[in-house]
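Notes follow the structure.
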Amino acid sequence: MNADEELQDKVPVTVLTGFLGAGKTTLLNYILTENHGKRIAVIENEFGEIGIDDALVINAEEEIFEMNNGCICCTVRGDLIRILGNLMRRRDRFDQILIETTGLADPAPVAQTFFVDEEMKAQLRLDAIVTVVDAKHLIEHLDDHKPDGVENEAIEQLAFADRILLNKVDLVTPEERAEVERRIREINAIAPIIESTHAKVDLDRILDVGAFDLDRVLIGDPEFLDPEAEHQHDLSVTSVGIEIAGEVDQDRINAWLGQLLMEKGTDIFRSKGILAVAGWPQRYVFQGVHMLMDGKADRPWGPDELRSSRLVFIGRNLDRAELEQGFRACLTG
Amino acid sequence: MADFAGVLALDPQRELAICGSLSGEAALVSVSTGQTVTRLVEHPFGASCAAWSPDGRMCAVGGHDSRTRIYDREGSLIRVLELTGWVAALAWSPMSNALAVAAGRRLTLLGDVAWPEHHFEPLQSTITDLAWSENAKRIGATCYGGVHWYDPEVLGDLPHRTYPWKGSLLSLVISPTGKWACAGAQDSSIHLWKLWSGDDLSMSGYPSKIEHLAFRGDGLWMASACVEELTLWDFSGRGPKGSTPAVGRCHERHIEVMEWMPGGQILATGGADGKVVLWPSPRKQRQELAPVAVVEGAEAVASLAWVDSGSLVVGRQDGRWERLSFDASINAAIDATADARGHRQKAKSARRN
């Protein structure tokens, strides 16, 4: 089986996050009732709101486990490991899996579950984290001051997103909508924003999109590489994108990334990159959630293609100058 | 059956099998004819586990619908227990006088006097497995955070004792010698406790989580399955600390189930690759085991159980059940194991003399 067939053989899993009242349940109802021809198994967290005949809907009770692997931020969802293990025994019943998280959930344990369990890695692929936000109330949630040490879940959910569903756009003016998008971009500069009303959306834009597919890392990346695009510096959660022409030394980049994620992994929610490694004919692509990282050799560089490396980090208290300096120190020559 | 035939339990007499599937069907089936004797009540969302009482008078079936049903040998319903959460494990006491049920975070114990039920306080996370001590004095429950020991005589709300472990424990076996509790863990290790002292140790280096453990009847070897590899630890003497296991490699995908033949001469494993593999009992540490027999199948093995020393019942992913019989090759392996044990016994006697 080649890499493409292996990828196709794995069941795509979409993680649905979003603050309370953003429209997750409306979206779930839409997905479960719309005649879209997709067979989707849904693992939902909140009881009693959906009752769909003949659909594979499973209730989950969130159980977060710390992994005993020396990684301080490595938490996983034990309930998901059990449920997904069972679900995969009914593989012929569905083509995709959708996991709904609670409105106050940190998406990291869900995403990390797909990195640490070998059996799940072999059968499933995390496709995308889709965050539903309410255009009318998002800014209010983002500005909600939490006590020290308490996370603002709305910010975290945006930071983790691969796709952002900006819902209820009919309730805001064009100016308000632009401001909401600006605030979203301050936190997550790379996730495509999809506008919707009543959570009605072309499902091909949020399901099986391959956002965690290493072959598609940073494809269509927008303005995140522009340092000037980081409009604000008073925010604790931001995106930093860096692109540097030239090749990096394999040992140096390994050491730097390893050290960086070990020391700052708690604050770095997501990382993605395409690297030009000296001596490698192919691009090296990687994805990370906190300290966990998955990477592989990708397609070969084209004969006339400029060999350059691109990295993006989304996280808390990121220091662009420090990150860029560390990255540059990995260049050959 | 229509779906994953993953629930299988044979009565001690090897006459009746409880067969259940993820489609929720459950039935008592004659082992000799393969015919359904009685259809049991369906479990919406799937049957998850089943167990016979050691005296063979009763059986229990648990499901993802949070219900456990207890039947007599004819399949007549004696009792229904409705709890919260999937029924993850059922375990009859060795005396057949109590049934332990793990559903969600809570252990429930049914005693035999008018079947009173006792609900212990919920644990911090979902219980994954149960095992009784051989003398029926304790029942162990694994979950994230350790093994919890309950005293079925004292009852109360809380565990009698907890052996803590910072990690998610997935499977539990107690050695037939009563000396060891062994738990397979999500963090690619097996964690062991010496029950006489409470001391613990870990066996790590596995490539993935450990969901399947099985002691040989005499307690001298414990098999563990991880991904496609079988590993057998020597529990003779002071235990496996510092030892190197025997290994068996034949499966091409995950080992899904395993069971020792009564008598312990052969271990059967069934895999997601569809293979049923029979392994000889190891003779020594570090031994590379060669299969005694391999039966290929198109569908993944979902369950298996020994009927006698020459045949197995196997359930497959597509819901089919089959009886596999083996030829003389396995008898040769059984004889060889018996010889090896005889030699070992003689050597011990000689040393004593």
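Every chain is numbered from 1 and lettered A, B, ... according to where its sequence line falls, protein lines coming before strand lines.
Contact annotation for B/K166: both backbone and side-chain heavy atoms come within less than 4.5 Å of a heavy atom of chain A. If you measure heavy-atom distances from A/D79 to chain B, you find no contacts under 4.5 Å at all. Residue contact with chain B, scored on non-hydrogen atoms closer than 4.5 Å, involves the backbone of A/E62 exclusively.
Rounding to the nearest 0.5 angstrom, the gap separating the NZ atom in A/K121 from the OG atom in B/S208 is 9.5 Å. Here the CG-CZ distance, from B/D187 to A/F65, works out to 11.5 Å after rounding to the nearest 0.5 Å.
Contact count against chain A (heavy-atom pairs under 4.5 Å) is highest for B/L22 among B/V227, B/L22, B/L170. Your options are B/R105, B/H64, B/Q124, B/Q317, and the one with the most heavy-atom pairs under 4.5 Å with chain A is B/R105. Of the listed residues (A/R82, A/E119, A/R89, A/E118), the one with the most heavy-atom contacts under 4.5 Å to chain B is A/R89.
Looking only at distances, no side-chain donor or acceptor of B/Y144 sits under 3.5 Å from a matching main-chain atom of A/I64.
Partners of B/D273 by side chain to side chain donor-acceptor pair (under 3.5 Å), not counting sequence neighbours, listed by chain and number: B/H251.
Residues A/I83 and B/W86 have side chains in contact (heavy-atom distance under 4.5 Å, counting atoms from C-beta outward).
Within 6.0 Å of CZ in A/R39 there are more than 12 heavy atoms belonging to other residues, nucleotides or ligands. Atom NZ of B/K275 has more than 12 heavy atoms from other residues, nucleotides or ligands within 6.0 Å.
Minimum heavy-atom separation, B/F45 to A/R90: O-NH2, 3.0 Å.
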